Participant: 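Here it is, the structure, as C-alpha coordinates.
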Amino acid sequence: KRLIFIGPPGSGKGTQSPIVKDEFCLCHLSTGDMLRAAVASKTPLGLKAKEAMDKGALVTDELVVGIIDEAMNKPKCQKGFILDGFPRTVAQAEKLDEMLKKRGTGIDKVLNFAIDDSVLEERITGRWIHPSSGRSYHTKFAPPKTPGVDDITGEPLIQRKDDNAEVLRSRLAAFHTQTEPVIDYYAKKAVLTNIKAEKAPQEVTSEVQKALS
Ligand code: AP5
Ligand code: ZN
(Lines give C-alpha, C1' and ligand atoms only; values in the text may rest on other atoms or scores of the structure.)
(Ligands and ions follow the chains in the order given, each with its own letter.)
Protein backbone atom coordinates (compact mmCIF):
# COMPACT_ATOMS: atom_id res chain seq x y z
CA LYS A 1 0.00 0.00 0.00
CA ARG A 2 1.10 3.56 -0.73
CA LEU A 3 -0.70 5.91 1.64
CA ILE A 4 -0.76 9.58 2.57
CA PHE A 5 -1.86 10.85 6.01
CA ILE A 6 -2.81 14.50 5.89
CA GLY A 7 -4.12 16.70 8.71
CA PRO A 8 -3.31 19.68 10.93
CA PRO A 9 -0.73 19.63 13.76
CA GLY A 10 -1.94 17.32 16.53
CA SER A 11 -4.56 15.56 14.40
CA GLY A 12 -3.05 12.11 15.13
CA LYS A 13 -0.98 11.32 12.01
CA GLY A 14 2.07 10.36 14.03
CA THR A 15 0.00 8.38 16.54
CA GLN A 16 -1.81 6.25 13.96
CA SER A 17 1.11 5.75 11.53
CA PRO A 18 3.10 3.20 13.62
CA ILE A 19 -0.04 1.07 14.10
CA VAL A 20 -0.87 0.99 10.38
CA LYS A 21 2.78 0.52 9.49
CA ASP A 22 3.04 -2.65 11.61
CA GLU A 23 -0.27 -4.01 10.38
CA PHE A 24 0.60 -3.75 6.69
CA CYS A 25 4.44 -3.94 6.89
CA LEU A 26 4.93 -0.48 5.43
CA CYS A 27 7.61 2.08 6.07
CA HIS A 28 6.64 5.24 7.93
CA LEU A 29 8.05 8.33 6.25
CA SER A 30 7.46 11.42 8.41
CA THR A 31 9.11 14.50 6.93
CA GLY A 32 8.78 16.19 10.35
CA ASP A 33 10.68 13.33 12.09
CA MET A 34 13.34 13.26 9.37
CA LEU A 35 13.82 17.04 9.53
CA ARG A 36 14.01 17.00 13.37
CA ALA A 37 16.69 14.28 13.16
CA ALA A 38 18.64 16.43 10.67
CA VAL A 39 18.34 19.48 12.94
CA ALA A 40 19.51 17.47 15.98
CA SER A 41 22.59 16.18 14.18
CA LYS A 42 23.27 19.59 12.59
CA THR A 43 23.54 18.26 9.02
CA PRO A 44 23.50 20.81 6.14
CA LEU A 45 19.83 19.89 5.60
CA GLY A 46 19.06 20.47 9.29
CA LEU A 47 20.81 23.84 9.30
CA LYS A 48 18.68 24.93 6.33
CA ALA A 49 15.42 23.68 7.87
CA LYS A 50 15.80 24.86 11.48
CA GLU A 51 14.72 28.50 11.18
CA ALA A 52 11.44 27.77 9.37
CA MET A 53 10.60 24.87 11.72
CA ASP A 54 11.22 26.91 14.87
CA LYS A 55 8.74 29.55 13.77
CA GLY A 56 6.14 27.07 12.50
CA ALA A 57 6.56 27.84 8.81
CA LEU A 58 7.04 25.26 6.06
CA VAL A 59 10.55 24.50 4.84
CA THR A 60 11.12 24.77 1.08
CA ASP A 61 9.49 22.27 -1.28
CA GLU A 62 12.94 21.45 -2.68
CA LEU A 63 14.28 20.27 0.71
CA VAL A 64 11.40 17.93 1.54
CA VAL A 65 11.00 16.58 -2.00
CA GLY A 66 14.69 15.66 -1.89
CA ILE A 67 14.42 13.72 1.38
CA ILE A 68 11.28 11.87 0.27
CA ASP A 69 12.76 10.94 -3.11
CA GLU A 70 15.81 9.49 -1.34
CA ALA A 71 13.77 7.70 1.35
CA MET A 72 11.48 6.00 -1.17
CA ASN A 73 14.49 4.22 -2.68
CA LYS A 74 15.20 2.34 0.55
CA PRO A 75 14.67 -1.42 0.22
CA LYS A 76 12.29 -1.49 3.21
CA CYS A 77 10.01 1.02 1.47
CA GLN A 78 9.51 -1.07 -1.68
CA LYS A 79 6.51 -2.90 -0.20
CA GLY A 80 4.75 0.38 0.44
CA PHE A 81 4.82 3.40 2.68
CA ILE A 82 2.87 5.91 4.75
CA LEU A 83 3.71 9.51 3.97
CA ASP A 84 3.06 11.43 7.22
CA GLY A 85 3.19 15.21 6.75
CA PHE A 86 4.04 15.12 3.04
CA PRO A 87 2.90 16.50 0.62
CA ARG A 88 1.94 19.78 2.28
CA THR A 89 1.74 22.06 -0.76
CA VAL A 90 0.22 21.47 -4.20
CA ALA A 91 3.72 21.81 -5.69
CA GLN A 92 4.90 18.92 -3.43
CA ALA A 93 1.89 16.83 -4.50
CA GLU A 94 2.72 17.37 -8.17
CA LYS A 95 6.36 16.44 -7.57
CA LEU A 96 5.25 13.30 -5.76
CA ASP A 97 3.09 12.31 -8.74
CA GLU A 98 6.16 12.67 -10.96
CA MET A 99 8.34 10.62 -8.60
CA LEU A 100 5.80 7.80 -8.46
CA LYS A 101 5.17 7.84 -12.19
CA LYS A 102 8.92 7.45 -12.74
CA ARG A 103 8.74 4.34 -10.54
CA GLY A 104 5.64 3.03 -12.32
CA THR A 105 3.39 3.34 -9.25
CA GLY A 106 0.86 5.72 -7.71
CA ILE A 107 -0.95 6.58 -4.46
CA ASP A 108 -3.60 4.12 -3.27
CA LYS A 109 -5.27 6.17 -0.58
CA VAL A 110 -5.13 9.55 1.14
CA LEU A 111 -6.58 9.78 4.65
CA ASN A 112 -7.65 13.26 5.74
CA PHE A 113 -7.54 13.56 9.55
CA ALA A 114 -10.39 16.05 9.90
CA ILE A 115 -10.56 17.87 13.24
CA ASP A 116 -11.59 21.23 14.65
CA ASP A 117 -8.77 23.69 15.39
CA SER A 118 -10.12 24.31 18.92
CA VAL A 119 -9.00 20.93 20.31
CA LEU A 120 -5.45 21.06 18.94
CA GLU A 121 -3.79 23.35 21.50
CA GLU A 122 -4.43 20.90 24.33
CA ARG A 123 -3.09 18.01 22.24
CA ILE A 124 0.03 19.89 21.17
CA THR A 125 1.01 21.44 24.52
CA GLY A 126 0.58 18.09 26.34
CA ARG A 127 2.71 16.05 23.92
CA TRP A 128 6.03 14.50 25.01
CA ILE A 129 8.19 12.56 22.57
CA HIS A 130 10.99 10.01 22.67
CA PRO A 131 13.33 11.65 20.18
CA SER A 132 15.24 8.64 18.82
CA SER A 133 12.17 6.48 18.07
CA GLY A 134 9.62 9.24 17.41
CA ARG A 135 7.19 7.63 19.92
CA SER A 136 4.82 10.19 21.35
CA TYR A 137 2.86 10.47 24.57
CA HIS A 138 0.38 12.91 26.04
CA THR A 139 0.27 13.96 29.69
CA LYS A 140 -3.53 13.52 29.75
CA PHE A 141 -4.56 11.36 26.76
CA ALA A 142 -1.65 8.87 26.51
CA PRO A 143 0.56 9.18 29.61
CA PRO A 144 3.79 7.17 29.86
CA LYS A 145 3.99 4.59 32.70
CA THR A 146 6.48 6.85 34.48
CA PRO A 147 6.15 10.61 33.87
CA GLY A 148 8.87 11.95 31.55
CA VAL A 149 10.26 8.50 30.68
CA ASP A 150 9.85 6.35 27.53
CA ASP A 151 7.97 3.07 28.29
CA ILE A 152 10.24 0.91 26.14
CA THR A 153 13.78 2.26 26.53
CA GLY A 154 13.49 4.09 29.88
CA GLU A 155 15.11 7.10 28.22
CA PRO A 156 13.94 10.67 28.93
CA LEU A 157 11.09 12.27 26.97
CA ILE A 158 11.32 15.79 25.60
CA GLN A 159 8.91 18.43 24.30
CA ARG A 160 9.21 19.65 20.71
CA LYS A 161 10.45 23.23 20.40
CA ASP A 162 7.46 24.11 18.16
CA ASP A 163 4.88 22.62 20.56
CA ASN A 164 3.66 25.80 22.22
CA ALA A 165 0.50 27.87 21.70
CA GLU A 166 2.24 30.68 19.84
CA VAL A 167 4.08 28.56 17.24
CA LEU A 168 0.98 26.38 16.89
CA ARG A 169 -0.90 29.42 15.54
CA SER A 170 1.64 29.76 12.72
CA ARG A 171 1.58 26.01 12.00
CA LEU A 172 -2.23 26.11 11.76
CA ALA A 173 -2.10 29.14 9.46
CA ALA A 174 0.35 27.29 7.20
CA PHE A 175 -1.98 24.29 7.21
CA HIS A 176 -5.05 26.28 6.22
CA THR A 177 -3.41 28.32 3.48
CA GLN A 178 -0.86 25.90 2.01
CA THR A 179 -2.03 22.36 2.86
CA GLU A 180 -5.82 22.52 2.58
CA PRO A 181 -5.54 22.91 -1.23
CA VAL A 182 -3.71 19.54 -1.23
CA ILE A 183 -6.86 17.92 0.23
CA ASP A 184 -8.87 19.24 -2.76
CA TYR A 185 -6.15 18.02 -5.10
CA TYR A 186 -6.65 14.42 -3.90
CA ALA A 187 -10.45 14.73 -3.61
CA LYS A 188 -10.49 15.47 -7.34
CA LYS A 189 -8.46 12.30 -7.96
CA ALA A 190 -11.05 10.31 -5.95
CA VAL A 191 -8.49 8.76 -3.56
CA LEU A 192 -9.52 10.73 -0.45
CA THR A 193 -11.19 9.36 2.70
CA ASN A 194 -12.13 11.60 5.63
CA ILE A 195 -11.34 10.34 9.14
CA LYS A 196 -13.08 11.81 12.20
CA ALA A 197 -9.89 12.56 14.10
CA GLU A 198 -11.58 14.08 17.17
CA LYS A 199 -12.56 10.69 18.57
CA ALA A 200 -10.52 8.72 21.13
CA PRO A 201 -7.26 7.20 19.76
CA GLN A 202 -8.63 3.60 19.54
CA GLU A 203 -11.75 4.77 17.74
CA VAL A 204 -9.63 6.68 15.24
CA THR A 205 -7.59 3.50 14.72
CA SER A 206 -10.75 1.52 13.89
CA GLU A 207 -11.86 4.17 11.43
CA VAL A 208 -8.47 4.15 9.76
CA GLN A 209 -8.49 0.34 9.54
CA LYS A 210 -11.98 0.40 8.02
CA ALA A 211 -10.86 2.95 5.44
CA LEU A 212 -7.91 0.76 4.46
CA SER A 213 -9.57 -2.66 4.43
P1 AP5 B 1 5.47 17.73 11.59
O2 AP5 B 1 6.36 16.99 12.47
O3 AP5 B 1 4.83 17.03 10.46
O4 AP5 B 1 4.37 18.44 12.50
P5 AP5 B 1 2.81 18.71 12.27
O6 AP5 B 1 2.27 18.58 10.92
O7 AP5 B 1 2.60 20.02 12.89
O8 AP5 B 1 2.11 17.54 12.92
P9 AP5 B 1 2.27 16.99 14.38
O10 AP5 B 1 3.41 16.06 14.44
O11 AP5 B 1 2.23 18.10 15.36
O12 AP5 B 1 0.86 16.26 14.49
P13 AP5 B 1 0.45 14.71 14.45
O14 AP5 B 1 -0.78 14.67 13.59
O15 AP5 B 1 1.56 13.81 14.07
O16 AP5 B 1 0.04 14.53 15.97
P17 AP5 B 1 0.31 13.30 16.98
O18 AP5 B 1 -0.23 12.03 16.42
O19 AP5 B 1 1.73 13.29 17.43
O20 AP5 B 1 6.23 18.99 10.98
C21 AP5 B 1 7.01 19.85 11.79
C22 AP5 B 1 7.62 20.96 10.94
O23 AP5 B 1 8.50 20.40 9.95
C24 AP5 B 1 6.64 21.81 10.14
O25 AP5 B 1 6.10 22.85 10.91
C26 AP5 B 1 7.54 22.31 8.99
O27 AP5 B 1 8.38 23.35 9.42
C28 AP5 B 1 8.41 21.10 8.72
N29 AP5 B 1 7.84 20.21 7.70
C30 AP5 B 1 7.48 18.90 7.87
N31 AP5 B 1 7.00 18.36 6.73
C32 AP5 B 1 7.07 19.37 5.80
C33 AP5 B 1 6.70 19.44 4.43
N34 AP5 B 1 6.17 18.39 3.77
N35 AP5 B 1 6.89 20.63 3.78
C36 AP5 B 1 7.43 21.69 4.41
N37 AP5 B 1 7.77 21.68 5.71
C38 AP5 B 1 7.61 20.54 6.40
O39 AP5 B 1 -0.63 13.75 18.20
C40 AP5 B 1 -0.37 14.93 18.94
C41 AP5 B 1 -0.63 14.67 20.43
O42 AP5 B 1 -2.02 14.33 20.63
C43 AP5 B 1 0.18 13.50 21.02
O44 AP5 B 1 0.57 13.83 22.32
C45 AP5 B 1 -0.81 12.33 21.03
O46 AP5 B 1 -0.54 11.43 22.09
C47 AP5 B 1 -2.15 13.03 21.20
N48 AP5 B 1 -3.24 12.35 20.46
C49 AP5 B 1 -3.16 11.77 19.23
N50 AP5 B 1 -4.36 11.27 18.85
C51 AP5 B 1 -5.23 11.57 19.87
C52 AP5 B 1 -6.63 11.34 20.05
N53 AP5 B 1 -7.36 10.68 19.14
N54 AP5 B 1 -7.20 11.79 21.20
C55 AP5 B 1 -6.45 12.45 22.15
N56 AP5 B 1 -5.12 12.70 22.00
C57 AP5 B 1 -4.51 12.28 20.88
ZN1 ZN C 1 3.61 14.14 13.62
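As the structure lists them, so they are numbered: ligands from 1, and atoms in each ligand from 1. The shown structure was predicted, so the numbers you read here are calculated from the model rather than taken from an experiment.
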Participant: Are Asp97 and Lys189 ion-paired here, with the side-chain N under 4.0 Å from a carboxylate O?
Facilitator: yes
Participant: Could you go step by step and tell me if Lys95 and Asp61 meet the side chain to side chain contact (heavy atoms under 4.5 Å, CB included) rule?
Facilitator: CA-CA 9 Å; Lys95 274 281 180 206; Asp61 292 336; over 6 Å; no
Participant: State whether the shortest distance between N or O atoms of Arg127 and N or O atoms of ligand 1 falls below 3.5 angstrom.
Facilitator: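 For ligand 1, there is an N or O atom that lies under 3.5 Å from one belonging to Arg127.
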Participant: Which ligand 1 atoms, with their elements, are less than 4.0 angstrom from a heavy-atom of Ile124?
Facilitator: 11 (O)
Participant: Is there a side-chain contact between Phe81 and Arg2 (heavy atoms, below 4.5 Å)?
Facilitator: yes
Participant: With respect to Val59, determine whether any N or O atom, backbone or side chain, lies less than 3.5 Å from an N or O atom of ligand 1.
Facilitator: yes
Participant: Near Phe141, which atoms of ligand 1 are under 4.0 Å from a heavy atom of that residue?
Facilitator: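 Under 4.0 Å from Phe141, ligand 1 has these atoms: 55 (C), 56 (N).
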Participant: So which protein heavy atom does atom 39 (O) of ligand 1 come closest to, and at what separation?
Facilitator: Thr15 OG1, 3.6 Å
Participant: Could you walk me through whether Lys1 and Asp108 pass the salt bridge (Lys or Arg N to Asp or Glu O under 4.0 Å) check?
Facilitator: CA-CA 6 Å; Lys1 283 189 197 305; Asp108 296 310; over 6 Å; no
Participant: Just by distance, no angles: are the side chains of Asn112 and Tyr186 close enough, under 3.5 Å, to form a donor-acceptor pair?
Facilitator: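 No, no side-chain donor-acceptor contact under 3.5 Å.
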Participant: Is a side-chain donor or acceptor of Arg123 paired with a backbone partner of Gly10 at a separation under 3.5 angstrom?
Facilitator: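 Side chain of Arg123 to backbone of Gly10: a pair is present.
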Participant: Ignoring hydrogens and geometry, is there a side-chain-to-backbone donor-acceptor pair from Ser17 to His28 under 3.5 Å?
Facilitator: no
Participant: Which protein heavy atom lies closest to atom 15 (O) of ligand 1, and at what distance to 0.1 Å?
Facilitator: Gly14 N, 2.9 Å
Participant: Which residue supplies the protein heavy atom nearest to atom 29 (N) of ligand 1, what is that atom called, and how far is it?
Facilitator: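 Sorting protein heavy atoms by distance from atom 29 (N) of ligand 1 puts Leu35 CD1, 3.5 Å first.
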Participant: Heavy-atom contacts with Gly10 under 4.0 Å: which atoms of ligand 1 show up? List them by number with element.
Facilitator: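 Reading through ligand 1 atom by atom, the close ones are 9 (P), 11 (O), 12 (O), 13 (P), 14 (O), 16 (O), 40 (C).
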Participant: Numbering the atoms of ligand 1 from 1, which are under 4.0 Å from a heavy atom of Gln92?
Facilitator: 33 (C), 34 (N), 35 (N), 36 (C)
Participant: May I ask you to identify the nearest protein heavy atom to atom 7 (O) of ligand 1, giving residue, atom name and distance to one decimal place in Å?
Facilitator: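 The closest heavy atom on the protein side is Arg171 NH2, 2.8 Å.
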Participant: Any sub-3.5 Å donor-acceptor pair from Ser30's side-chain atoms to Asp33's backbone N or O?
Facilitator: yes
Participant: Numbering the atoms of ligand 1 from 1, which are under 4.0 Å from a heavy atom of Ala200?
Facilitator: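 In order of number, 53 (N).
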Participant: How far is atom 4 (O) of ligand 1 from its nearest protein heavy atom, and which residue and atom name does that atom have?
Facilitator: Arg160 NH2, 3.1 Å
Participant: Let me see the working for Arg103 and Asn73 under side-chain hydrogen bond (donor to acceptor under 3.5 Å, both in side chains), right down to the final yes or no.
Facilitator: CA-CA 10 Å; Arg103 293 170 166 90; Asn73 285 335; 2.7 Å; yes
Participant: Short list, please: which atoms of ligand 1 are under 4.0 Å from a heavy atom of Tyr137?
Facilitator: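 Counting from 1, the qualifying ligand atoms are 43 (C), 44 (O), 46 (O).
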Participant: List the closest protein heavy-atom neighbour of atom 46 (O) of ligand 1: residue, atom name, distance to the nearest 0.1 Å.
Facilitator: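 Looking at atom 46 (O) of ligand 1, the protein heavy atom closest to it is His138 CB, 3.6 Å.
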Participant: Is there a side chain to side chain contact (heavy atoms under 4.5 Å, CB included) between Met72 and Leu100? Walk through the geometry before answering.
Facilitator: CA-CA 9 Å; Met72 284 197 316; Leu100 293 173; 4.1 Å; yes
Participant: Please report whether ligand 1 has a polar contact with Ser11, defined as an N or O pair separated by less than 3.5 Å (distance criterion only).
Facilitator: yes
Participant: Considering distance alone, does some N or O of Gly12 sit under 3.5 Å from an N or O of ligand 1?
Facilitator: yes
Participant: Heavy atoms only: which of Arg123, Arg36, Arg88 is nearest to atom 51 (C) of ligand 1?
Facilitator: Arg123
Participant: Of all the heavy atoms in Lys199, does at least one lie under 4.0 Å from an atom in ligand 1?
Facilitator: yes
Participant: Taking 4.0 angstrom as the limit and counting only heavy atoms of Thr31, give me the atoms of ligand 1 inside it, by number and element.
Facilitator: 30 (C), 31 (N), 32 (C), 34 (N)
Participant: State whether Lys50 and Asp54 are salt-bridged, where the test is any N-O pair (Lys NZ or Arg NE/NH1/NH2 against Asp/Glu carboxylate O) under 4.0 Å.
Facilitator: yes
Participant: Check whether any heavy atom of Glu203 sits under 4.0 Å from an atom of ligand 1.
Facilitator: no
Participant: Tell me which protein heavy atom sits closest to atom 22 (C) of ligand 1, plus the residue, atom name and distance to 0.1 Å.
Facilitator: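 Looking only at protein heavy atoms, the one closest to atom 22 (C) of ligand 1 is Met53 CE, 3.9 Å.
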Participant: Give the atom numbers and elements of ligand 1 that come within less than 4.0 Å of a heavy atom of Ser136.
Facilitator: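 Selected atoms, number and element: 19 (O).
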Participant: Looking at Ile68, Leu63, Leu58, which hits side-chain contact (heavy atoms from CB on, under 4.5 Å) with Thr31?
Facilitator: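 With Thr31 as partner, Ile68, Leu63, Leu58 yield a single side-chain contact (heavy atoms from CB on, under 4.5 Å), made by Ile68.
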Participant: Tell me, yes or no, whether the heavy-atom count around Glu155 atom CD, taken from other residues, nucleotides or ligands under 6.0 Å, exceeds 12.
Facilitator: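 It does: Glu155 CD has more than 12 such atoms within range.
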Participant: Any N or O on Lys13 sitting closer than 3.5 Å to an N or O of ligand 1?
Facilitator: yes
Participant: Specify the protein heavy atom at minimum distance from atom 27 (O) of ligand 1: its residue, its atom name, and the distance to 0.1 Å.
Facilitator: Ala57 O, 2.6 Å
Participant: Within a 6.0 Å radius of atom NZ on Lys196, are there more than 12 heavy atoms belonging to other residues, nucleotides or ligands?
Facilitator: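 Open.
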